[in-house]
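Have a look at the structure below before the remarks.
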Amino acid sequence: MDHVVKRTKQKRERRHRAHLRVRSRVRGTEARPRLSVYKSLRFIYAQVIDDSRGATLAQASSAEAEVKGRLAAAEPVGKSAKDRAAAKAVGELVAERAKAAGVERVVFDRGGYVYHGRVQAVAEGARAKGLEF
């Protein structure tokens, strides 16, 4: 069982190092805040952050009732398609909230995750609602 714990720790450290590399290049400003993505095993979260002030301008997560309501209206699908649909709904919701806060353009912070699957779906959802990357 020890090898499972070690592998999990290695994966977490790899993502953390990748996130530090991304954050060394990506900085949110007042004119162009950062759209940050975090995913747990169960939910996905997105925030629009102005790093110069250290303020979150908009946020959304798949744990919210509004996202769950959007998914309930859709037809039932498999688990991975459902996860991607939830991620896309989170991207759309955070884009709507960011636009309401006056944000049109953002820089994308994938949080050390590979730009694939749920992370990509968040970006596609945000773009679909008019957020420019």
Side-chain angles (χ1 to χ4, degrees):
M1 193 64 165
D2 189 39
H3 66 282
V4 174
V5 174
K6 183 178 177 183
R7 176 72 179 135
T8 304
K9 186 175 179 183
Q10 286 173 337
K11 283 177 71 172
R12 187 172 47 249
E13 288 173 353
R14 185 215 59 83
R15 188 195 74 81
H16 181 69
R17 285 193 309 271
H19 190 198
L20 292 176
R21 275 195 308 274
V22 169
R23 290 287 289 121
S24 71
R25 295 182 208 107
V26 175
R27 184 113 181 110
T29 63
E30 192 173 335
R32 197 165 177 171
R34 172 171 58 102
L35 174 59
S36 176
V37 175
Y38 174 76
K39 61 181 190 172
S40 67
L41 292 176
R42 189 169 178 193
F43 300 115
I44 189 152
Y45 307 84
Q47 292 183 314
V48 177
I49 305 165
D50 177 0
D51 289 314
S52 60
R53 290 186 303 156
T56 299
L57 308 174
Q59 65 81 32
S61 80
S62 58
E64 292 181 34
E66 190 171 340
V67 172
K68 290 178 181 180
R70 290 181 184 203
L71 293 175
E75 58 188 68
V77 291
K79 174 150 175 38
S80 66
K82 186 172 150 188
D83 287 347
R84 277 188 56 94
K88 187 170 183 179
V90 167
E92 291 171 353
L93 187 58
V94 78
E96 290 169 6
R97 291 176 179 173
K99 290 192 83 86
V103 175
E104 298 289 327
R105 302 178 71 207
V106 296
V107 290
F108 190 69
D109 173 9
R110 59 188 174 82
Y113 302 107
V114 177
Y115 186 80
H116 179 74
R118 293 192 293 162
V119 174
Q120 183 178 3
V122 169
E124 290 170 354
R127 281 192 191 103
K129 289 294 181 176
L131 220 53
E132 287 183 47
F133 287 41

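Please read these numbers as outputs of a predicted model, since none were measured by experiment.
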Using 0.5 Å steps for rounding, measure from the [atom1] atom of [X] to the [atom2] atom of [Y].
X: S62; Y: K68; atom1: OG; atom2: NZ; value: 7.5 Å
X: L35; Y: L57; atom1: CG; atom2: CG; value: 11.0 Å
X: D109; Y: R27; atom1: CG; atom2: CZ; value: 11.5 Å
X: K88; Y: L93; atom1: NZ; atom2: CG; value: 14.0 Å
X: R14; Y: R17; atom1: CZ; atom2: CZ; value: 8.0 Å
X: R118; Y: R84; atom1: CZ; atom2: CZ; value: 11.0 Å

Co-membership, hydrophobic cluster, residues [X] and [Y], 4.5 Å side-chain:
X: V114; Y: V22; answer: no
X: L131; Y: V26; answer: no
X: I49; Y: V94; answer: no
X: Y115; Y: V107; answer: no

What is the minimum heavy-atom distance between [X] and [Y], and which atoms define it?
X: K99; Y: K129; result: CD-O, 3.5 Å
X: S61; Y: V67; result: O-CG2, 3.3 Å
X: R97; Y: A60; result: NH1-CA, 3.9 Å

Using modelled atom types and a 3.5 Å cut-off, is there a donor and acceptor pairing between side-chain atoms of [X] and backbone atoms of [Y]?
X: R15; Y: G112; answer: no
X: Y113; Y: K39; answer: yes
X: S52; Y: T29; answer: no
X: R32; Y: V106; answer: yes

Please indicate whether E124 has more than 12 foreign heavy atoms, meaning atoms of other residues, nucleotides or ligands, lying under 6.0 Å from its CD.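 Atom CD in E124 is packed in, count exceeds 12.
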Test side-chain contact (heavy atoms from CB on, under 4.5 Å) on Y45 and S40; report intermediate values, then the result. CA-CA 8 Å; Y45 307 84; S40 67; 4.1 Å; yes
Can you find a heavy atom in the side chain of I44 that is under 4.5 Å from one in the side chain of V37?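 They are in contact (side-chain heavy atoms under 4.5 Å apart), so the answer is yes.
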Who pairs with Q47 by side chain to side chain donor-acceptor pair (under 3.5 Å), at least two apart in sequence or on another chain?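 None.
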Of all residues at least two apart in sequence or in a different chain, which pass the ring-ring contact (aromatic ring centres under 6.0 Å, His included) check with F133?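 Counting only residues at least two positions away or on another chain, F133 forms a ring-ring contact (aromatic ring centres under 6.0 Å, His included) with F108.
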Salt-bridged, E64 to R70, with N to O below 4.0 Å?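 The answer is no: the pair does not qualify as a salt bridge.
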NZ/NE/NH1/NH2 to OD/OE distance under 4.0 Å, D51 and R23: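 Result for this pair is yes, salt bridge flagged.
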